[in-house]
2 protein chains.
Amino acid sequence: MSGITIRDVAEAAGVSLASVSRALNGGKNVSARVARDVAAAADRLGYQPDFLARSLRTRTSGMVGCLVSDISNPLNATIVKAAEARLREAGYLLVVASTANDPGRERAAASEFRGRRVDGMLVAPGSDANAKAWRALVAAGTPVVIVDRDVPEADDGADNDTDGWPSVQVDHRGGARAATRYLIGLGHRRIALLTADAVMRPSRERIAGFREVFAEAGLDPTGAQLCLQSSAMDFAHGDTLALLGDGKDGGRPTAIIALGTRILAGVLRAARDLGLAVPRDLSVMSVGDTDLAAVHTPAITALRWSLEDVGRAAADLLLHRLGGDAGQAQSRALLPVDLVLRDSCAPPAVV
Amino acid sequence: MSGITIRDVAEAAGVSLASVSRALNGGKNVSARVARDVAAAADRLGYQPDFLARSLRTRTSGMVGCLVSDISNPLNATIVKAAEARLREAGYLLVVASTANDPGRERAAASEFRGRRVDGMLVAPGSDANAKAWRALVAAGTPVVIVDRDVPEADDGADNDTDGWPSVQVDHRGGARAATRYLIGLGHRRIALLTADAVMRPSRERIAGFREVFAEAGLDPTGAQLCLQSSAMDFAHGDTLALLGDGKDGGRPTAIIALGTRILAGVLRAARDLGLAVPRDLSVMSVGDTDLAAVHTPAITALRWSLEDVGRAAADLLLHRLGGDAGQAQSRALLPVDLVLRDSCAPPAVV
DNA sequence: CCGCTTGTTGAAATCGTTTCCATGATCCTT
DNA sequence: AAGGATCATGGAAACGATTTCAACAAGCGG
């Protein structure tokens, strides 16, 4: 290690430990001479403060914990990256834990973060079931920002904070509404939404928006078909084949909205296997603007939202809290979703 | 915070601080009665040790720093995730810093890691220029494992360690050789390699393997065309158009080896723009087995290596070091690259 | 029964930093 | 010029753990 401590600097500069600390930190109540000597000595010796000792004394670790299901998912990774950059600017270190949506690992990670005295946390729980663990953290005084998740209100009437937790959320409902309206506008009446299990907020909101539009348009609600993927085993390839193959419930869907790279890939492969041309025989839309969607032939119309904005907003919200601002105002952010029109959607073939 | 310290536990259990520490940690030289009482008291009070204080005393932070160019790159993210899982098992916390290959940020991050007293580091420098910074760290006693990078020998003759640094590397050269041999075996004589700037090991090794095979086969070396991408602005789309458009140097290449999702995407789009069918008019191979390669029509033959293995091996190597094993043996790992045959390569059309 | 080893225990030192407090010194005001 | 206010400074007490060391009890062979 560095080996040289504040004590060495003090001796070299011929002042006391307290003066060195003051000179290097606040600079308040410190004479110009001492400031100069200390800076010179520190520089000459290559002094580097020990964060551990400092943290122990000040009770702030300068670390922010980030709990995310899977860091190797590019969507998550992009969010984390943006948040890390913002936090780094503010002098914080981001530590991430991949939890694979396993409640046990989530709890363990949260507990470890707590033991390491993180100053705050960015969390995206795998499901709402773990909300109590987060509540315990918050009760312990650790600021927590929820990222694109819902946390149900406490079931014990004791501490029901009416306004909920600080959070950054994406307007998946609005995006789904726009997408559905667009397809209906093209003439589609049977649309399938392939998304993840409804245990998390994004899928729940998407489904809600999807159905809302059908209801508002006064269309046959059975035309809004859901296909939920609990685990992307074959990336929805089999499900899509089944969906497109037979004509149950009044015929196969003429349009599919698919979540993410892998499900989208499964859908495209299934369409190819069945000899269905996109967009002539089948319109396809991607939820999330991935490389695959942008580059595929034909290019896939997609719902896009800025992952960087999500990460930045989450970091800002947390920094706000860490800055002592416990004000309830601006404790929630809702980010927009855009519809990027490309070549993969067209009016359905006449029935 | 937790609020309750080892002192509270000591009082509750009616023993001294030292006994509590012994009981909770080693358990050596502790009577059954004390062990029981301490465990009970700690449990009842919900005691959670303070990592900061512990670290300060023991001089080990239990943290491992990871320096990577861009965590939002799925390849890097996968490596990091695997390493994190392995390190977590061993009780270490992984902290990552994205450096965007900016030497300044790399240095800053390394310095910060050092200040936070990380026990070790996993680094993939953006270029070899920063090697000196890493050397300084190693000289300071921090174990460092290099991930898929080369670090040149010190230019000052003083401390030239003959065996280099512990590192995990991927056999990109072998992979490139296999790929090139395969294409040559199909009859190709003009092959283009589109890869990244040669500032880092993977590209350098690939280029070397690529050329070696041409030389060994006694083929016209001008058939081995290089196209280096310093920044993937248009994802090599323009370069590919130029490459395939005219017939300089004895004709356009009949096969292209493209690095990663984005360059591959650019190549495929360019081929489409020029009306070249894959693999009839142009054979295409991907370096790295991405979603796009697996899902494209036709499916793209790819060079694949296990990113999880890279992460795991790096973690293991570092853990080995941290375990006190400074033995030079097994300080370097070389991971294999496989050629995954799919449908995107065929013998070239007769000239 | 004595001396020696083995095993438990608690008081105190330590890690490197920040911060409280007392002590002078300087300066300004009346 | 005396008295109070402000400021720079160093000694020492935290922060919460681990670890050394000495003390003491018990077991045991001779």
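Order of the sequence lines sets the chain letters (A, B, ...), proteins ahead of strands, with each chain counted from 1.
- A donor-acceptor contact shorter than 3.5 Å links the side chain of A/D119 to the backbone of A/G62.
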| task | Start with the C-alpha gap between A/R33 and A/D37, add the side-chain angles, then the distance that decides, and say whether salt bridge (charged side-chain N to carboxylate O under 4.0 Å, His left out) holds. | result | CA-CA 6 Å; A/R33 186 186 59 82; A/D37 290 354; 3.5 Å; yes

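- C/dG16 atom C1' lies 6 Å from atom CG of A/D50, rounded to whole Å.
- Between A/R22 atom CZ and C/dT19 atom P the separation is 11 Å, expressed in whole Å.
- For B/R57, whose side chain is taken as the heavy atoms from C-beta onward, the closest listed nucleotide among C/dT17, C/dG16, C/dA13 is C/dA13.
- Heavy-atom minimum distance, B/C66 versus B/V80: SG-CG2, 4.0 Å.
- With distances taken from any side-chain atom of A/A18 to the nucleotides D/dA17, C/dG16, D/dG11, the minimum falls on D/dG11.
- A/L56 has its CG atom 13 Å from the C1' atom of D/dA13, to the nearest Å.
- A/T58 comes within 4.0 angstrom of the backbone, heavy atoms only, and of no base.
- Annotation: of the two residues near DNA chain C, B/A53 and B/G14, the 5′-most nearest-nucleotide partner is B/G14.
- The side chain of B/Y47 has D/dA17 as its nearest neighbour among D/dA17, D/dT9, C/dT17.
- Remark: A/S21 is in phosphate contact with C/dT18, judged by side-chain N or O atoms under 4.0 Å from OP1 or OP2.
- Of the listed nucleotides (C/dT17, D/dT18, D/dT9), D/dT18 has the atom at the smallest distance from the side chain of B/N25.
- Side-chain atoms of A/R149 come within 3.5 Å of backbone atoms of A/P125 as a donor-acceptor pair (strictly under, hydrogens ignored).
- Proximity of A/S55 to the phosphate of C/dT17: no side-chain N or O atom is located under 4.0 Å from OP1 or OP2.
- Residue B/T5 places no side-chain N or O under 4.0 Å from the OP1 or OP2 atom of D/dC15.
- In this structure, CZ of B/R7 is placed 13 Å from C1' of C/dG10, rounded to the nearest angstrom.
- Going from atom CG of B/D8 over to atom P of D/dG16 covers 9 Å, rounded to whole Å.
- Among the nucleotides C/dT17, D/dT9, C/dG10, the one closest to any side-chain atom of B/S16 is C/dG10.
- Separating the CG atom of A/L24 from the P atom of C/dT17 is a distance of 9 Å, rounded to the nearest angstrom.
- Within 4.0 Å of A/L52, counting heavy atoms only, lies no atom of the nucleic acid at all.
- Between the P atom of D/dC15 and the CD1 atom of B/I6 lies a distance of 14 Å, rounded to the nearest Å.
- A/E84 has its side chain out of reach of B/V96: every pair of non-hydrogen atoms, C-beta onward, lies at least 4.5 Å apart.
- Taking only side-chain nitrogens and oxygens, B/R54 comes nearer than 4.0 Å to OP1 or OP2 of D/dT18.
- Atom CG in A/N29 sits about 15 Å away from atom C1' in C/dC27, given to the nearest Å.
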